[in-house]
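Bear in mind the structure is a predicted one, so any value in this text is a computation, not a measurement.
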Number of protein chains: 2
Amino acid sequence: MTATIKDVAKMAGVSISTVSRVINDSKPVSSEIRQKVLEVIDELGYKPNEIARTLVTKKSFLIGVIVTDLGDTYIAQLVRGIEEVGKMYDYDILLCSTYGDKDTELKFMQLLSRKQVEGIILISDSLDSEIDREIKDFKIPFVYLNRYFYTEDFPTVTIDNAEAAYEMTNYLIKLGHENIAYVSASQEEYSLELLKLDGYKKAIAENEGLVENIFYAKGRSIEDGYEICSDITESDNDITAIFCSHDELAIGVLNYLYDNDFEVPEDISVAGYGDIKTASIFRPRLTTIKEPFYDIGAVAIRRIIKEIKKESMDKNTIFLPFQIQKRDSCAKI
Amino acid sequence: MTATIKDVAKMAGVSISTVSRVINDSKPVSSEIRQKVLEVIDELGYKPNEIARTLVTKKSFLIGVIVTDLGDTYIAQLVRGIEEVGKMYDYDILLCSTYGDKDTELKFMQLLSRKQVEGIILISDSLDSEIDREIKDFKIPFVYLNRYFYTEDFPTVTIDNAEAAYEMTNYLIKLGHENIAYVSASQEEYSLELLKLDGYKKAIAENEGLVENIFYAKGRSIEDGYEICSDITESDNDITAIFCSHDELAIGVLNYLYDNDFEVPEDISVAGYGDIKTASIFRPRLTTIKEPFYDIGAVAIRRIIKEIKKESMDKNTIFLPFQIQKRDSCAKI
DNA sequence: TTGAAAGCGCTACCAT
DNA sequence: ATGGTAGCGCTTTCAA
């Protein structure tokens, strides 16, 4: 079997306390003995059992991360940020995918709690009151991340969505566009869509002569964008720019335009929201709002670790800066 | 503090053994006592500490997964397969990203071993002899996954790459193409590129009158594909189809063609390899070889779990079926 | 069917 | 500076 601290102690002719001291550097040990112990450790290939260690110290150095689907590139980016910063503080990530199912979400929360994670980051599309109760019971640091809803109920990190949509709309206006369509994904309550829409409306309102052209897609997928686009091109308000509330929608729009022989940006400009990976690969490259997914993940776990270490508490919602990523899909009229 | 088995025992007026029995269903317990215990568990919100449990049972239900970068969509797909099948057997995933660094790779191997994972899946771009030694020491189930090299040294799961390239080339030939360029990523030893190239060569050789047109890109990124494409279009052998050894290269090629006013597939056909997510989103949709990444991950962890459970041993290399994914980027000449 | 107790591998406290 | 030992929360003999 694998060597334990006992084996090391025996073979080195010292007590297990001493061995513990050298591997943890917790108390002074005479250099000869330390030397000897180190040798034995090397010889035996001894590796401390972190499970046993956790049992006594209560520190698992584990953070649970529950996601809907790693296949979403923005989620993968979030997890990258979480993981990388976590590692900086010696924390490991325990990963669970729900694929949107609320029951598994809850199940994983419990599972992670039993596995003694020191914190949980939940990335999910929708809010849930059950989660609320559950997480309060655990009383471990918790952060809730998502791209679709806003909430004050949970600690979260996000960007100022209204401002972002406002700036993008203004950018389009400055480019000379007078008929700017806005494609929203839904009208649900607490939806970030509402905030984004406000930004768009505000910009339109501030510019005399401009009117709102709002379209509601069925959802927020590429297909939904594709579908709504026919409505837009067939509407009689000579639209010259389409601003979509999600990159996925924008890519659907781009695809529709491509398939129907519209030139982008010559005939029509298209802007997205998010800057998912595909946005920069696609031709034409998508002008979009860069949501700093990696950073959001990084800040989220940083927040959790701070709370674990009982350092200064951040406020519930942390806002990160965004950027208007100007690329090829938008041009002057 | 959180309730322990002791608290439950005390409050239910039974021994901890009895409580253990009811939560594990390991031995018969009279139904009244079971009832009582269950009530107390519910009241206290007791959840067994999996760490303590692991310490005695030696079963952590943890599998370590070391990846280069979750940002690669194919890796995300692999991990999805790993995670989902893992969960079916109650296994959780401990995730580590190396970003290609060999030292961290090794560090994580050790870390995971100390965290008592029951198996390790390593997804990495290159082989390493140090890993070899390390993993033999641990003697826990191990699978090595990658897209670039072949090896008999480690258990792995892959597709028949030579056959895949052979079939794709044949498909192009059947489409009427006579001057088919092949874009390879490198000429390194043990590289899968060699196998793929063999497939291409074989197909060309079997068809009288056809000649090889092989181009070597600098690497396997989108940029590399973009770059090499100018060589191809400027060569004097009237190329009508380009078969790239990676989707990323193909997308670079597509982008170059787009930027230089070539029509795909009208002027030139382009085929990829891998079927990464972007391949199906892109316009034109990329014809490519579908590597079943999700399934590869799934089979990999299945193999590990089999080994943990000491079920029948698979052979070292498991081959999965692939598919020629016919889309819009390739057409009859 | 139930309970007592040993022990998993380790840390941390108390002695010396 | 070093050793002995209790105990972390649990499972698993062994007795009763």
Side-chain angles (χ1 to χ4, degrees), chain A residues 1-38 40-41 44-62 90 110-118 138, chain B residues 1-38 40-41 44-62 90 110-118 138:
Chain A
M1 286 309 294
T2 66
T4 74
I5 196 171
K6 251 187 196 162
D7 302 321
V8 177
K10 200 176 298 172
M11 180 166 284
V14 297
S15 73
I16 62 169
S17 317
T18 302
V19 178
S20 175
R21 276 163 202 141
V22 352
I23 59 183
N24 292 306
D25 246 340
S26 47
K27 295 244 169 133
V29 174
S30 76
S31 65
E32 342 164 37
I33 290 196
R34 144 168 285 112
Q35 196 53 43
K36 176 66 183 163
V37 169
L38 256 15
V40 173
I41 285 178
L44 257 36
Y46 166 75
K47 294 195 207 66
N49 181 327
E50 296 292 340
I51 294 288
R53 205 175 246 180
T54 296
L55 188 58
V56 17
T57 60
K58 307 278 175 228
K59 290 205 60 59
S60 65
F61 285 101
L62 248 32
D90 293 325
Q110 276 150 196
L111 176 70
L112 290 173
S113 153
R114 302 186 337 166
K115 292 238 176 189
Q116 310 302 117
V117 298
E118 296 183 47
F138 297 166
Chain B
M1 283 311 294
T2 65
T4 73
I5 197 172
K6 248 187 197 163
D7 302 320
V8 177
K10 199 177 298 171
M11 179 166 284
V14 298
S15 73
I16 62 169
S17 319
T18 303
V19 177
S20 174
R21 277 163 201 141
V22 351
I23 59 183
N24 292 306
D25 246 340
S26 47
K27 294 244 170 134
V29 174
S30 75
S31 66
E32 342 163 36
I33 291 196
R34 144 168 284 112
Q35 197 54 43
K36 177 66 182 163
V37 170
L38 256 16
V40 173
I41 285 178
L44 257 38
Y46 166 74
K47 293 194 209 66
N49 181 327
E50 295 293 339
I51 295 288
R53 204 174 248 180
T54 296
L55 187 57
V56 17
T57 61
K58 306 279 175 229
K59 290 206 60 60
S60 65
F61 285 102
L62 249 31
D90 292 324
Q110 276 149 197
L111 176 70
L112 289 172
S113 151
R114 303 187 336 168
K115 292 239 176 187
Q116 309 303 117
V117 299
E118 297 183 46
F138 298 166

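In this structure, the ring-ring contact (aromatic ring centres under 6.0 Å, His included) partners of B:Phe61, at least two apart in sequence or on a different chain, are B:Tyr91. The side chain to side chain donor-acceptor pair (under 3.5 Å) test applied to A:Glu50 returns A:Arg53, B:Arg114, not counting sequence neighbours. In this structure, the side-chain contact (heavy atoms from CB on, under 4.5 Å) partners of A:Lys6, at least two apart in sequence or on a different chain, are A:Thr4, A:Ile16. In this structure, B:Asp90 has no side chain to side chain donor-acceptor pair (under 3.5 Å) partners at least two apart in sequence or on a different chain. Listed by chain and number, the residues in a side chain to side chain donor-acceptor pair (under 3.5 Å) with A:Ser60 amount to none (sequence neighbours excluded). With sequence neighbours left out, the salt bridge (Lys or Arg N to Asp or Glu O under 4.0 Å) criterion links B:Lys115 to A:Asp92. Under the side-chain contact (heavy atoms from CB on, under 4.5 Å) criterion, B:Ala12 pairs with B:Val14, B:Lys36, B:Val37, B:Val40, sequence neighbours left out. Partners of A:Thr57 by side chain to side chain donor-acceptor pair (under 3.5 Å), not counting sequence neighbours: none found.
Non-hydrogen atoms lying under 4.0 Å from DNA chain D are contributed by A:Pro28, A:Val29, A:Ser30, A:Ile33, all within residues 28-36 of chain A.
For the residue pair B:Ser20 and B:Ser17, no side-chain donor N or O sits within less than 3.5 Å of a side-chain acceptor on the partner.
In 5' to 3' order, the nucleotides of DNA chain D bounding all contacts with chain A (an atom under 4.0 Å from a heavy atom) are D:dA1 to D:dG9.
Screening residues 24-34 of chain A for salt bridge (Lys or Arg N to Asp or Glu O under 4.0 Å), with sequence neighbours left out, gives A:Asp25-A:Arg34.
As rounded to whole Å, 15 Å separates atom C1' of C:dT11 from atom CD1 of A:Ile51. Distance, B:Lys27 NZ to C:dG3 C1': 12 Å, rounded to whole Å.
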Under 3.5 Å, which N/O atoms of the protein pair with N/O atoms of nucleotides 4-8 of chain C?
residue, atom, partner, partner atom, Å
C:dA4, N7, B:Ser17, OG, 3.2
C:dA4, N6, B:Ser17, OG, 2.9
C:dC8, O3', B:Lys58, NZ, 2.8

